[in-house]
Enquirer: 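Just dropping this structure here.
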Amino acid sequence: DITGAHRMDREILSQLGNPDPNIRRNAVMRIAASDDPRVLTILERIYKNDPDPEIRELALQTGREVHKKSQQRQSLAIYKYRDPQGRFGL
């Protein structure tokens with residue numbers, strides 16, 4: 001059972017266990033399209049366990065991008081909370 005797969009397509013998750021590295025790489029690329037921080041758990045597992053070093057590196061880079069997007073989104077939400085009408089240019 002892979003956690004952090006909120007709304008993650010079961011097909012993508014099954015592809016992560018495929019013996020063909022090209023299929024696993026494509027699955028990571030599809031996960032990369034998500035900016036949902038809950039996929040970080042999946043990417044971490046890939047990074048730690050995939051036998052292909054290129055796929056592990058791809059999972060690492062993808063995780064960094066998803067994390068960065070998540071932090072940016074949180075920052076914007078905080079600004080909107082502090083200044084909901086945009087009066088102060090936050």
Side-chain angles (χ1 to χ4, degrees):
D1 180 37
I2 297 178
T3 59
H6 180 71
R7 297 184 184 162
M8 187 62 55
D9 187 315
R10 287 181 189 261
E11 178 184 355
I12 295 172
L13 295 176
S14 69
Q15 290 173 354
L16 293 172
N18 193 294
D20 183 340
N22 291 320
I23 292 175
R24 294 194 314 275
R25 184 177 298 105
N26 288 337
V28 172
M29 297 295 281
R30 290 175 66 188
I31 291 171
S34 171
D35 61 354
D36 186 337
R38 291 173 282 197
V39 301
L40 292 172
T41 304
I42 297 168
L43 293 168
E44 179 182 15
R45 185 170 293 166
I46 296 165
Y47 174 70
K48 289 180 177 179
N49 299 312
D50 196 278
D52 187 315
E54 290 180 20
I55 295 174
R56 290 194 307 267
E57 181 64 25
L58 178 61
L60 177 64
Q61 294 302 321
T62 299
R64 287 177 176 161
E65 291 172 21
V66 170
H67 181 71
K68 183 178 176 181
K69 288 179 192 176
S70 173
Q71 286 186 323
Q72 289 171 343
R73 191 172 51 247
Q74 285 177 342
S75 293
L76 288 174
I78 289 170
Y79 290 138
K80 288 180 182 178
Y81 173 77
R82 290 183 179 164
D83 184 18
Q85 280 90 30
R87 295 178 296 206
F88 303 111
L90 296 177

Enquirer: If every non-hydrogen atom of Asp52 is compared with every non-hydrogen atom of Pro21, which pair is closest and at what distance?
Expert: OD2-CB, 3.6 Å
Enquirer: With a 4.5 Å cut-off on side-chain heavy atoms, are Ile23 and Leu16 touching?
Expert: no
Enquirer: Is the shortest heavy-atom distance from the side chain of Pro51 to the side chain of Arg24 under 4.5 Å?
Expert: yes
Enquirer: Roughly how far, to the nearest 0.5 Å, is the CG atom of Asn22 from the CD atom of Glu54?
Expert: 9.5 Å
Enquirer: Under a single-linkage definition using a 4.5 Å side-chain heavy-atom cutoff for Ile, Leu, Val, Met, Phe, Trp and Tyr, are Met29 and Leu43 assigned to the same hydrophobic cluster?
Expert: yes
Enquirer: Is it true that a side-chain atom of Arg25 and a backbone atom of Ile55 form a donor plus acceptor pair closer than 3.5 Å?
Expert: no
Enquirer: One pair to check against salt bridge (Lys or Arg N to Asp or Glu O under 4.0 Å): Glu65 and Lys69. What are the steps and the verdict?
Expert: CA-CA 6 Å; Glu65 291 172 21; Lys69 288 179 192 176; 5.4 Å; no
Enquirer: Answer yes if Tyr47 and Leu13 sit in the same cluster of Ile, Leu, Val, Met, Phe, Trp and Tyr residues linked by side chain heavy atoms under 4.5 Å apart, and no otherwise.
Expert: no
Enquirer: Is any side-chain heavy atom of Ile12 closer than 4.5 Å to one of Asn26?
Expert: no
Enquirer: Ignoring hydrogens and angles, state whether a donor on the side chain of Glu11 or Gln15 is under 3.5 Å from an acceptor on the partner side chain.
Expert: yes
Enquirer: Let me confirm one number: the CG-CD distance from Asn49 to Glu44, rounded to the nearest 0.5 Å.
Expert: 9.5 Å
Enquirer: Kindly compute the distance separating CD1 (Ile46) from CZ (Arg56), expressed to the nearest 0.5 Å.
Expert: 12.0 Å
Enquirer: When rounded to the nearest 0.5 angstrom, what distance separates CG in Asp36 from OG in Ser70?
Expert: 8.5 Å
